[in-house]
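First the structure, in the form of structure tokens, and then the observations on it.
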Protein chains: 2
Amino acid sequence: MIRTRSRATMEDVARIAGVSKKTISRYINNSPDVSRSMRARLDAVIAETGFVPNAQARALALRRTFLVALVHDGSDRAVREAAETGILRAMEGSELALVVLPRGDDAASGLHRFLERHAPTGVVLLPPLADRDDLAALCARADTPCLRLGEDEPACDERAAMAALVEWLLANGHRRIGLIAGPDASASARRREAGYHDALAARGLERGAWLVAAGDNSFSSGMEAAALLLELSPRPTAIVACNDEMAAGALAAAAEKGIAVPGELSVAGFDDTPLAAMTVPPLASVHVPWARMAEAAMARLPGIAPMTRHDRGADSFPADVVPEPPRTWQGTPVLRASVAPIAPGQGEPAAMPRLRRAIPQA
Amino acid sequence: MIRTRSRATMEDVARIAGVSKKTISRYINNSPDVSRSMRARLDAVIAETGFVPNAQARALALRRTFLVALVHDGSDRAVREAAETGILRAMEGSELALVVLPRGDDAASGLHRFLERHAPTGVVLLPPLADRDDLAALCARADTPCLRLGEDEPACDERAAMAALVEWLLANGHRRIGLIAGPDASASARRREAGYHDALAARGLERGAWLVAAGDNSFSSGMEAAALLLELSPRPTAIVACNDEMAAGALAAAAEKGIAVPGELSVAGFDDTPLAAMTVPPLASVHVPWARMAEAAMARLPGIAPMTRHDRGADSFPADVVPEPPRTWQGTPVLRASVAPIAPGQGEPAAMPRLRRAIPQA
DNA sequence: TTGTATGCGTTATCAT
DNA sequence: ATGATAACGCATACAA
């Protein structure tokens, strides 16, 4: 049969180089058992023949494909985008490819099917799916590394970061601070809410000062929640949302009621997504380094960077030289024009008595 | 060697069913050559054994993986997100998986490597990469179907859609209408710009009335371009941007200058992305059904829907029953609060003389 | 350090 | 309509 320039295989390279297929295999897999001279010789032959290892054949033999699955539930575009960036950066230069797996309620069955069919190198779970122990168990059963972004160490201390943001508001005179919470089912959202409580409690403001409205991370839910909070009397002087999209909704709600931001109301979000820079006024937010977190987490997958199975051998540098990622990442408040120190006369007088008592306790 | 419940293979199913492997293969591939009774028998055995065809082995034999690559340059998140949604909807139920391939300047070499390594079932090129004939040629050489979103038929008539939007502004009294153009290298952006010119020309407003500032589809470029346009005297009464992000930038620029939208300035975007609903005021935009376009385009890939190679045989319904997608998609202006008819006294008097002449010609 | 034989799970060819 | 056998391209166990 005539085959027009079918690609070169290991066999061809081996024949031309005058070695066995196994040597080529070792070369491909970066085995330390290939002498420097042999490697140089093969470099030449491979360049000349344009040989590219067939990923499908490797996958069949290794019982593992060169895919990394990013599983998300579509609830937070921006976080997903950032995570993706980091993952792709980590995969750069490797033969890995990133497949996206949007899973809603069928997360378990969908992931199961994917694992069965494609046997990926690794799975990355995005919040809020990263909470799901059942999904992690599925991966474990399939013997597939599972990275739970925001849940595994090293994670980001969202609670402390939210507390820092709220503390800034408190330090700048705000006392009636509303929170737009995220979905209850999300551990990440609960951590952020806890940070809000922490900051208030640190100032001696207990339950009586809590102003929490529920949201689901969507713009419209943020708008509705903010509308509720802004009906309160005395009205909050600041609203913090558990993500940027809801905070943008709060901006819209304020605009609808003719409430000036930040003149009469400070608004802040969380995650510091691109949206935060695109609102009017620009939205203060807590920067969470999702991309770098994802990139760092990827190091736990085999086949990433210049590390393959064989590299762990004597040839490679000692493990203690590999830079350790930080234990936890910093989430840092980014102050933008949507927040400001409380203005003279801002806030209803009714709120003041409680405040005067609270401040000294801080 | 003891192997704990390794998954069933074709071999197992064949043995249990008392047939040959080839029959199982035919069953899997939906061959019409499998009798109804045989199919029923195999249904049972397969359900019982939990057999799942091994995609890697199939890929090796077929010389093709079950992957679809989405290639984009990261320049338009929202469009990408929408396209992705459509693609995934089309793939639902199939064994295909979607891999994302962000490619910048290295688009050609990156795609080449991917095609070589992974031999995907198909490639989807997003604008502005969909323009690139070299990428399409690469796919052709690899014998891989290539869907050029927004370029292939059926595409969306962006030019007419933009013209319709501008015509609405004209019909509502606007005469000085600025355009924030997209990157020159993008055919899509050029079509939109052409639509702007069409609408003006149809009203007898020729070159003298053009107010075009360059942008690159980013928020900041939109802000800068709008800042330029708003320095003009007489000032434009409306600004249309070639995408939503730039239009959001225009809103920000207007806010910075204290220009009321839509009171003193109407602003509109293009694509009708989620962002358009999240600005203050909500952004008028041209809805482009990217998701449905992508979904429809996917029908051109093999292995989508209930169609496999064998399905095209006598067993399946005749080709003329398959619903044809529309030849071109409609882009429809979505009017939101960022646009309004021109107000009495809006626009500098200096502009009027030219306008008075122009209107009768329409 | 390098080579040999065999397996991975499926599809294609050609026969029946 | 179904079956026997040879690819598909690489990895692994074991031998040398």
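Reminder, nothing fancy here: chain letters follow the sequence lines and each chain counts from 1. None of the values given here were measured: they were computed from a predicted structure.
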Sugar-phosphate, base or nothing in reach of B:Y27, heavy atoms under 4.0 Å: nothing
Between B:N29 and B:S31, a side-chain donor and acceptor under 3.5 Å: no
Pairs satisfying ring-ring contact (aromatic ring centres under 6.0 Å, His included), at least one member in residues 39-88 of chain B, at least two apart: none
Sequence neighbours excluded, every pair satisfying side chain to side chain donor-acceptor pair (under 3.5 Å) that has a member inside residues 123-145 of chain B: B:R64-B:T144, B:R132-B:D134, B:D133-B:R148
Results of side-chain hydrogen bond (donor to acceptor under 3.5 Å, both in side chains) for B:E295 - residues two or more places apart only: B:R89
Qualifying ring-ring contact (aromatic ring centres under 6.0 Å, His included) pairs with a residue from residues 90-131 of chain B, counting only residues at least two apart or across chains: B:F114-B:H118
Those residues that, when tested against A:S109, pass side-chain hydrogen bond (donor to acceptor under 3.5 Å, both in side chains) (two or more places apart): none
Length of the CD-P vector between B:E11 and D:dG3, whole Å: 13 Å
With 3.5 Å as the limit, what N/O pairs link the protein to nucleotides 1-4 of chain C?
from, atom 1, to, atom 2, distance (Å)
C:dT2, O4, A:R26, NH2, 3.1
C:dG3, OP2, A:S20, N, 2.8
C:dG3, OP2, A:S20, OG, 3.2
C:dG3, OP2, A:T23, OG1, 2.7
C:dG3, O6, A:R26, NH2, 3.3

Whole angstrom value for the distance that separates C1' of C:dC8 from CE of A:M10: 14 Å
With B:R58 via salt bridge (charged side-chain N to carboxylate O under 4.0 Å, His left out) - residues at least two apart: B:E95
Whole angstrom value for the distance that separates C1' of D:dG3 from CG of B:L42: 14 Å
Atom-to-atom span, CZ of B:R63 to C1' of D:dC8 - whole angstrom: 7 Å
Length of the line joining B:R39:CZ and D:dT2:C1', which is rounded to integer Å: 14 Å
B:T121 side chain to B:V68 backbone, donor-acceptor under 3.5 Å: no
Rounded distance in Å - CD1 (B:I28) to C1' (C:dT11): 10 Å
Under-4.0 Å side-chain N/O to phosphate OP1/OP2 contact, A:N54 with D:dC8: no
Salt bridge (charged side-chain N to carboxylate O under 4.0 Å, His left out) against B:D106, all qualifying residues, sequence neighbours excluded: B:R103
Axis bend over the full length of the helix from C:dT1-D:dA16 to C:dT16-D:dA1, computed from five pairs that close each end, to 10 degrees: 20°
Atom-pair distance (CZ on B:R58; C1' on D:dG9), nearest Å: 18 Å
Sugar-phosphate, base or nothing in reach of B:L60, heavy atoms under 4.0 Å: base
Gap between atoms CD1 and C1', on B:I24 and C:dT10 respectively (whole Å): 12 Å
